Enquirer: 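So that we are looking at the same thing, I have put the structure below in structure tokens.
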Amino acid sequence: MDFLVLFLFYLAFLLIAVVMICIFTKNQHLKSLVLGGAQVCSCVIPQCLQRATQRLLYQLFHTRNPTFIVLHLLLQGLVYAEYTFEIFGYCRELEFYLPYLLLPYLLLGLNLVFFTLTCSANPGTINKSNESFLLQVYEFDDVMFPENSRCFTCDLRKPARSKHCRVCDRCVHRFDHHCIWVNNCIGAWNTRYFLIYLSTLTASAATVAILSAAFLVRLVVVSDLYQETYIDDFGHFQSMDTVFLIQYLFLAFPRILFLLGFVMVLCLLLAGYLCFLLYLAATNQTTNEWYRGDWAWCQHCPLVAWFPSAEPHIYQNIHSHGFWSNLREIFLPVIPCYEKKRK
């Protein structure tokens, strides 16, 4: 059982790392390296297994399916099960302040509410009935969003800042990205839910990590483990050092140590992604616009492949109207009247 829990934890960490790399990387050399590795593997792996793998990857990343929602809820359930059945009980014995111990459950409740809203809310689907209205919401810049352009799939005029999602097969108003973890697009009408969902998820991971670390520190202090001695391989008495103390705690509480490591790494990844999204919200950009725009600082960034032969093209953001106006646009989006009545 312990092996299964640890395997799922690190499988999720690997999936999150891969998704983050796929979302944020613009390094052509890294992409070439990944493609080269795939070509090498194709020479070894049988064709039937390759086709099955390609079909599986297509179903996971290019179609709407609840796989990652189930994985998300499973991992969240495992983390909170470990917290409930071990950390919560130990902390109660060590007389931790009860409201602190209940805080992760409050954050979990809020997170599940906004997770459900993000999954189920209409992100801003463009159709015949709202096409004319949404064309007037944002100004066309004639660079990234030219006027009078049409979506060849939906056969609709494309409002500024919209994009056709190939996974959902629909045009989305103020398209940000398609999130596999919520099985939905993130657009004009559910970005607010997504930001709160991500904030509560980051806060819950941080809270579990802090309480787990606080329990281990309190345990060391109460039991005076830092004052103990041990006999080394040469038969000499040695005072307790940090490495030996960590080894002792790992042998005594392996699941708690693995949980602490997992939620700490997860918290760092989520916090970094949340800061990036908050920056985009404060400057009134979307992930799609940030990814497509060739900003001036990219020419000097060593992590981004830049070709001197190509003409530098700097995209200017014309939609930012100040910090508070930008946030108001996200949390109080413009919605057609019939959409409000339908809700």
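Keep in mind the model is a prediction, meaning the values are calculated, not measured. Along the sequence shown, residues are numbered consecutively beginning with 1.
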Enquirer: With a 4.5 Å cut-off on side-chain heavy atoms, are L98 and F88 touching?
Expert: yes
Enquirer: Determine the minimum heavy-atom distance between A160 and F140, stating which atoms define it.
Expert: N-CE2, 3.5 Å
Enquirer: Quick check: closest heavy atoms across P104 and L101, and the distance to 0.1 Å?
Expert: CD-O, 3.3 Å
Enquirer: Yes or no on side chain to side chain contact (heavy atoms under 4.5 Å, CB included) for E289 and F145, after CA distance, side-chain angles and deciding distance?
Expert: CA-CA 10 Å; E289 294 164 359; F145 303 105; 3.6 Å; yes
Enquirer: If the condition is ring pair (Phe, Tyr, Trp, His ring centres under 6.0 Å), which residues does F253 pass it with, not counting sequence neighbours?
Expert: Y90, F215
Enquirer: Is the shortest side-chain heavy-atom distance between L270 and L201 below 4.5 Å?
Expert: yes
Enquirer: Closest approach of N122 and G124, non-hydrogen atoms and distance?
Expert: OD1-N, 3.0 Å
Enquirer: Under the ring pair (Phe, Tyr, Trp, His ring centres under 6.0 Å) rule, collect the residues that match up with Y97, sequence neighbours excluded.
Expert: Y100
Enquirer: Give the C-alpha distance, both sets of side-chain angles, the deciding distance and a yes or no for salt bridge (Lys or Arg N to Asp or Glu O under 4.0 Å) between R255 and E82.
Expert: CA-CA 8 Å; R255 291 194 297 273; E82 177 63 23; 3.4 Å; yes
Enquirer: Using ring pair (Phe, Tyr, Trp, His ring centres under 6.0 Å) as the criterion, list what pairs up with H173, not counting sequence neighbours.
Expert: Y138
Enquirer: Nearest 0.5 Å, what's the CD1-CG distance between I196 and L110?
Expert: 9.5 Å
Enquirer: Is there a side-chain contact between P159 and I126 (heavy atoms, below 4.5 Å)?
Expert: yes
Enquirer: For the residue pair L71 and T67, establish whether any side-chain heavy-atom pair is separated by less than 4.5 Å.
Expert: no
Enquirer: To the closest 0.5 Å, what do you measure between CG (L78) and CG (L73)?
Expert: 11.0 Å
Enquirer: Any chain of hydrophobic side-chain contacts (each under 4.5 Å) joining V208 to L257?
Expert: yes
Enquirer: Between N183 (side chain) and R64 (backbone), is there a donor-acceptor pair under 3.5 Å?
Expert: no
Enquirer: Would you mind reporting whether C165 and C185 have side-chain heavy atoms less than 4.5 Å apart?
Expert: yes
Enquirer: Would a hydrophobic clustering, with Ile, Leu, Val, Met, Phe, Trp and Tyr connected at side-chain separations under 4.5 Å, put F85 with L102?
Expert: no
Enquirer: Which heavy-atom pair separates T118 from F194 by the least distance, and what is that distance?
Expert: OG1-N, 3.5 Å
Enquirer: Which residue, T191, L198, T286, forms the side chain to side chain contact (heavy atoms under 4.5 Å, CB included) with L277?
Expert: L198
Enquirer: In the single-linkage hydrophobic clustering (I, L, V, M, F, W, Y; side-chain heavy atoms under 4.5 Å), do L268 and L260 co-cluster?
Expert: no
Enquirer: Is any side-chain heavy atom of N184 less than 4.5 Å from a side-chain heavy atom of N190?
Expert: yes
Enquirer: CD1 of I180 to NE2 of H177: how many Å apart, nearest 0.5 Å?
Expert: 9.5 Å
Enquirer: Determine, stepwise, if the pair N317 / S320 fulfils side chain to side chain donor-acceptor pair (under 3.5 Å).
Expert: CA-CA 7 Å; N317 181 13; S320 181; 4.6 Å; no
Enquirer: For residues 163-187, which residue pairs qualify under salt bridge (charged side-chain N to carboxylate O under 4.0 Å, His left out), counting only residues two or more places apart or in two chains?
Expert: R174-E329
Enquirer: Taking the six-membered ring of F175 as reference, does the cationic atom of R161 (NZ for Lys, CZ for Arg) lie under 6.0 Å from its centre and within 45° of its axis?
Expert: no
Enquirer: Go through V167 and T63 one step at a time and tell me if the side chain to side chain contact (heavy atoms under 4.5 Å, CB included) criterion holds.
Expert: CA-CA 5 Å; V167 179; T63 62; 5.5 Å; no
Enquirer: Check the orientation of Y197 and H72. Use parallel for under 30°, tilted for 30 to 60°, and perpendicular for over 60°.
Expert: tilted
Enquirer: How close do A205 and C267 get, heavy atom to heavy atom, and via which atoms?
Expert: CB-CB, 4.2 Å
Enquirer: Using the rule given for ring-ring contact (aromatic ring centres under 6.0 Å, His included), can you reason through F115 versus W181, listing the C-alpha separation, both sets of side-chain angles and the distance that settles it, and then say yes or no?
Expert: CA-CA 10 Å; F115 176 71; W181 294 102; 9.6 Å; no
Enquirer: Honestly curious: do L94 and V220 fall in one hydrophobic cluster under the side-chain, below-4.5 Å linking rule?
Expert: yes
Enquirer: For the residue pair I186 and Y193, establish whether any side-chain heavy-atom pair is separated by less than 4.5 Å.
Expert: no
Enquirer: Applying the 4.5 Å side-chain criterion to the ILVMFWY set and letting contacts propagate, would L103 and V79 be lumped into a single cluster?
Expert: no
Enquirer: Got a sec, which pairs hit side chain to side chain donor-acceptor pair (under 3.5 Å) with one end in residues 198-216, sequence neighbours left out?
Expert: N111-T200
Enquirer: How long is the straight-line distance from CG of L280 back to OG1 of T287, given to the nearest 0.5 Å?
Expert: 5.0 Å
Enquirer: Please report the closest heavy-atom contact between W189 and P333, naming both atoms and the distance.
Expert: CD1-CB, 4.0 Å
Enquirer: Would you indicate whether F331, at its atom CZ, is surrounded by more than 12 heavy atoms from other residues, nucleotides or ligands within a distance under 6.0 Å?
Expert: yes
Enquirer: Kindly indicate whether the side chain of S149, heavy atoms from C-beta on, has any atom under 4.5 Å from the side chain of R157.
Expert: no
Enquirer: Nearest 0.5 Å, please: how far is CD1 in I69 from CG in L74?
Expert: 13.5 Å
Enquirer: Closer than 3.5 angstrom, by distance alone: can the side chain of R192 be matched with the main-chain N or O of I330 as a donor-acceptor pair?
Expert: no
Enquirer: Who pairs with F250 by ring pair (Phe, Tyr, Trp, His ring centres under 6.0 Å), at least two apart in sequence or on another chain?
Expert: F258
Enquirer: When rounded to the nearest 0.5 angstrom, what distance separates CZ in F96 from CG in L211?
Expert: 7.0 Å
